[in-house]
Amino acid sequence: MLQVSFIREHRDLVVERLAKRNLDATQMVDEAIQLDEERRAIQTELDNTLAESNSLSKEIGMLFKSGDVDKANALKTKTTDLKESSKSLSEQLATTSNALNELLYKIPNIPHESVPNGTSDEDNEEIFKEGAIPKLHDNALPHWELAKKYDIIDFELGNKIAGAGFPVYKNKGARLQRALIAYFLDKNTEAGYTEYQLPHLVNEASGFGTGQLPDKEGQMYHVTEDNLYLIPTAEVPGTNIFRDVILDQSELPVTITGYTPCFRREAGSYGAHVRGLNRLHQFDKVEIIRVEHPDNSYNAFNGMIEHVKTILNELKLPYRILKLCGGDVTFASALTYDFEVFSTAQDRWLEISSVSNFETFQANRLKLRFKNNEGKKELAHTLNGSSLALPRVLAGILENYQTEKGIKIPDVLIPYTGFSIID
RNA sequence: GGAGAAAUGGCAGAGUGGUCGAAUGCGGCAGUCUUGAAAACUGUUGAGGGUCACACCUCCGGGGGUUCGAAUCCCUCUUUCUCCGCCA
């Protein structure tokens with residue numbers, strides 16, 4: 001959520017930047033400014049009314065104490081009007097504030113100035129590419145065929161137990177999953193991130209804090225009886241650690257990492273693009289989250305990109321980095337880079353990580369602040385990224401590392417798997 | 001799941017209708033003293049709105065109510081603790 005004060009002071013900039021999202025926000029922005037003015041005017045009037053009523057009450061108290069009951073009772077009647085007007089003013093205030101907030105929830109984050117214009121993922125800018133695409137043998141298979149051939153993932157079984165999109169990993173497939181999780185967490189903690197194990201269900205306030213609620217409710221599984229939501233990403237419980245928190249500047253940056261399963265309803269399309277591990281209702285992911293001083297957040301962002309690159313280089317997977325265009329950058333993000341790994345047998349790129357700087361957009365909802373060196377409170381910047389999402393990394397490994405004899409395991413993973421080939 | 005108790009500032013903990021945004025202690029910060037540190041002493045120390053700055057307003061788990069006036073009384077929800085039951 002953008003800060004109204006920022007919108008008020010940078011009206012033109014906000015409209016101009018939101019245009020990158022192909023959104024004409026002029027009307028929303030002006031309405032927000034208008035509502036904010038109304039809100040403050042009502043607030044002032046209400047404050048004055050309450051001030052008057054407070055001082056009368058005090059006076060009445062004094063009069064009772066001194067035994068001047070008649071005078072006190074006379075004053076009591078005076079307060080009736082004040083009560084009525086303060087009641088109606090409070091109602092007006094609530095109405096206006098709600099209207100303002102409803103509006104603010106709908107305004108997406110303003111993209112960073114470097115975000116390219118564009119309308120869809122086709123306009124994303126490839127900014128980096130690494131790793132040779134392997135030349136596969138003639139009988140190369142897509143990962144879902146490999147999974148069957150080597151009996152490491154059972155999609156039908158998952159279908160029986162839960163439904164489509166809930167694969168069962170088994171044998172060396174299960175072990176490889178565990179290896180990847182451990183490897184990613186080790187890489188992250190070596191880089192200074194503190195490891196957390198977080199709840200997999202969150203309450204409404206948390207869903208709201210990171211922006212999944214109220215609008216993107218359909219994306220999450222909702223446990224209605226307890227009003228809890230299954231997390232779509234560790235970002236939700238991880239970032240909500242800092243809801244309503246005031247840090248000291250010296251505590252920044254805060255860096256955390258955590259492994260969680262992720263649950264997504266996304267009743268999406270069917271066909272080859274969602275086959276196998278490409279798109280699931282439940283998948284595993286290791287996430288990195290940072291809370292940064294605003295002056296350092298883009299520096300930190302670059303550091304996260306480098307960090308994810310290191311992991312992919314070690315896994316020796318062919319990948320590229322895309323800078324998302326205005327049309328593709330998510331609602332809460334100011335700048336997002338996506339990592340995609342090349343899935344050789346499918347001949348397509350698969351998104352395996354998304355690193356974003358939300359600037360103050362989440363912090364404003366979360367009320368995540370820090371006390372700066374002058375002792376003033378400022379909103380912090382939040383960032384997060386996947387390092388990494390498991391299924392597509394797994395798909396990438398299976399497809400790119402397949403040989404006639406079996407699927408080789410990337411060297412860095414062998415200490416974690418305890419085997420060097422799936423055959 | 002059943003019974004009981006509780007929820008106050010960073011923490012501990014007073015306050016049961018009238019200058020209470022809240023005693024006191026600890027912690028934090030600043031100062032005095034000291035070569036420096038500790039101790040001791042003095043001062044300071046919650047959040048949000050509002051203002052150029054003051055003033056002023058709101059907040060004592062959340063929501064609602066009673067009253068001229070509520071941290072304090074009533075209703076309700078949530079959470080925590082203790083005991084019992086169940087249990088990885």
Side-chain angles (χ1 to χ4, degrees), chain A residues 1-9 32-101 103-104 197-209 213-214 222-229 237 240-252 254 261 291 360 363-380:
Chain A
M1 175 164 68
L2 296 172
Q3 295 168 88
V4 211
S5 55
F6 184 87
I7 295 177
R8 202 196 313 153
E9 285 156 29
I33 294 172
Q34 170 73 25
L35 281 167
D36 178 51
E37 260 169 42
E38 278 172 37
R39 203 212 82 224
R40 281 181 298 151
I42 296 167
Q43 178 85 63
T44 306
E45 207 180 333
L46 174 63
D47 285 357
N48 292 338
T49 311
L50 288 173
E52 200 174 332
S53 145
N54 282 347
S55 76
L56 273 177
S57 289
K58 268 178 195 167
E59 213 175 311
I60 291 169
M62 303 285 231
L63 288 171
F64 272 125
K65 256 188 184 163
S66 62
D68 205 340
V69 181
D70 290 345
K71 227 175 185 176
N73 282 329
L75 278 184
K76 270 198 201 181
T77 59
K78 260 186 148 179
T79 60
T80 317
D81 285 351
L82 289 172
K83 267 186 105 177
E84 263 169 42
S85 56
S86 70
K87 196 181 171 195
S88 111
L89 283 166
S90 314
E91 279 162 14
Q92 283 178 54
L93 183 67
T95 310
T96 312
S97 301
N98 288 341
L100 176 60
N101 285 331
L103 184 59
L104 289 174
Q197 283 208 18
L198 296 158
H200 300 166
L201 281 85
V202 294
N203 58 27
E204 228 173 354
S206 294
F208 178 82
L213 298 176
H222 188 190
V223 182
T224 51
E225 196 168 356
D226 300 290
N227 199 23
L228 294 170
Y229 294 85
N240 272 283
I241 293 171
F242 305 102
R243 173 152 46 85
D244 293 317
V245 164
I246 301 175
L247 296 161
D248 193 84
Q249 180 163 337
S250 63
E251 295 175 82
L252 297 176
V254 181
V291 179
T360 59
N364 190 33
R365 280 196 169 205
L366 292 162
K367 296 200 176 18
L368 161 55
R369 289 157 294 168
F370 68 97
K371 201 172 266 188
N372 68 22
N373 289 338
E374 285 85 57
K376 292 218 167 145
K377 285 170 287 285
E378 264 185 76
L379 290 173

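Here is how names work: the chains are called A, B, and so on, in the same order as the sequence lines, proteins then strands, and each is numbered from 1.
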- Going by modelled atom types, is there a donor-acceptor pair between the base of B:G69 and the side chain of A:N54 at under 3.5 Å? no
- Query: For atom C1', what is the distance between B:G61 and B:A71, given to the nearest Å?
  - Reply: 12 Å
- Message: Working to the nearest 0.5 angstrom, can you tell me the gap between A:L35 CG and A:E37 CD?
- Response: 10.0 Å
- B:C77 to B:G1 separation - P atoms, rounded to the nearest Å: 14 Å
- Query: Any side-chain N or O of A:R39 less than 4.0 Å from the OP1 or OP2 oxygen of B:G50?
  - Reply: yes
- Name the nucleic acid region contacted by A:S57, choosing base, sugar-phosphate or nothing; use a 4.0 angstrom heavy-atom cut-off, strictly under. base
- Donor-acceptor side-chain pairing of A:E52 and A:N48 below 3.5 angstrom: no
- Contact class for A:K367 vs. all strands (heavy atom < 4.0 Å): base, sugar-phosphate, or nothing? nothing
- Item | P-based separation of B:U58 from B:G21 [nearest Å] | 10 Å
- Item | Whole-angstrom distance between B:G85 and B:G2, as gauged at atom C1' | 8 Å
- Between A:I246 and A:K377, which heavy-atom pair has the shortest distance, and what is it? CD1-CD, 3.8 Å
- Query: Within the structure shown, what part of the strands sits under 4.0 Å from A:L50 by heavy-atom distance: base, sugar-phosphate, or nothing?
  - Reply: sugar-phosphate
- Using Watson-Crick geometry (N1-N3 plus N6-O4 or O6-N4) or G-U wobble (N1-O2, O6-N3), each under 3.5 Å, B:G10 is paired with B:C26
- Task: Determine: side-chain N/O of A:R369 to OP1/OP2 of B:A47, distance under 4.0 Å, yes or no.
- Result: no
- Mind checking the C1' distance from B:C86 to B:G17? Whole angstroms is fine. 45 Å
- Item | A:I42 CD1 - B:U58 P separation (whole Å) | 17 Å
- Task: Using Watson-Crick or G-U wobble geometry with both distances below 3.5 Å, tell me the partner of B:G31, or none.
- Result: B:C41
- Query: Over how many whole Å does the gap from A:K58 atom NZ to B:C56 atom P extend?
  - Reply: 8 Å
- Note on the structure: Pairing partner of B:A53, by Watson-Crick or G-U wobble and under 3.5 Å for both distances, is none
- Measure the shortest side-chain to side-chain distance between A:L228 and A:V202 over non-hydrogen atoms and say whether it is less than 4.5 angstrom. no
- Using atom CD of A:E204 as one end and atom P of B:U79 as the other, report the distance to the nearest whole Å. 14 Å
- Query: If every non-hydrogen atom of A:A32 is compared with every non-hydrogen atom of A:V4, which pair is closest and at what distance?
  - Reply: O-CG1, 4.4 Å
- Between B:U24 and B:G13, how far apart are the C1' atoms? Round to whole Å, please. 8 Å
- Message: Please name the nucleotide paired to B:U67 by Watson-Crick or G-U wobble geometry with both distances under 3.5 Å, or report none.
- Response: none
- Task: Choose from B:G50, B:A47, B:G69 the nucleotide whose nearest atom is closest to any side-chain atom of A:K83.
- Result: B:G69
- Query: How close do A:F370 and A:L252 get, heavy atom to heavy atom, and via which atoms?
  - Reply: CG-CD1, 3.7 Å
- Item | Same-atom distance (P) from B:A14 to B:G64, integer angstrom | 29 Å
- Item | Atom-to-atom span, CG of A:D244 to C1' of B:G61 - whole angstrom | 13 Å
- Heavy-atom side-chain contact between A:E204 and A:N227 under 4.5 Å: yes
- Between A:K371 and A:K87, name the one whose nearest nucleotide on RNA chain B is closer to the 5' end. A:K371
- Item | Atom-pair distance (CD1 on A:I60; C1' on B:U19), nearest Å | 15 Å
- Message: Nearest whole Å is fine: how far is B:A55 P from A:N48 CG?
- Response: 14 Å
- Message: On the nucleotide B:G49, are OP1 or OP2 found under 4.0 Å from the side-chain N or O atoms that A:K377 carries?
- Response: no
- Side-chain contact test, heavy atoms from C-beta onward, threshold under 4.5 Å: evaluate it for A:T360 versus A:Q3 and give yes or no. yes
- Message: Going by purine N1 to pyrimidine N3 plus the second Watson-Crick contact, or the G-U wobble pair, all under 3.5 Å, which nucleotide sits opposite B:G17?
- Response: none
- Name the residue closer to the 5' end of RNA chain B, choosing between A:M62 and A:E52 according to the nucleotide with the nearest heavy atom. A:M62
- Task: Compare the minimum distances between each of B:G18, B:G50, B:A47 and the side chain of A:I246, then state the nucleotide with the smallest one.
- Result: B:A47
- Query: Could you give the CZ-to-P distance, from A:R243 to B:G61, as a whole number of Å?
  - Reply: 18 Å
- Message: Looking at B:C81, which nucleotide sits across from it as a Watson-Crick or G-U wobble partner, both distances under 3.5 angstrom, or is there none?
- Response: B:G4
- Message: Give me the distance, rounded to whole Å, that separates B:G62 from B:U79 when you measure between the C1' atoms they each carry.
- Response: 10 Å
- Item | Listed nucleotide nearest any side-chain atom of A:A51, set B:G48, B:G50, B:C57 | B:C57
- Query: Roughly, in whole Å, what's the span from CG in A:L228 to P in B:U78?
  - Reply: 13 Å
- Message: Let's see if you can work this out: which of B:U19, B:G50, B:C68 has an atom nearest to the side-chain heavy atoms of A:R40?
- Response: B:G50
- Task: Kindly point out which of B:G49, B:C68, B:A47 is positioned nearest to the side chain of A:Q43?
- Result: B:G49
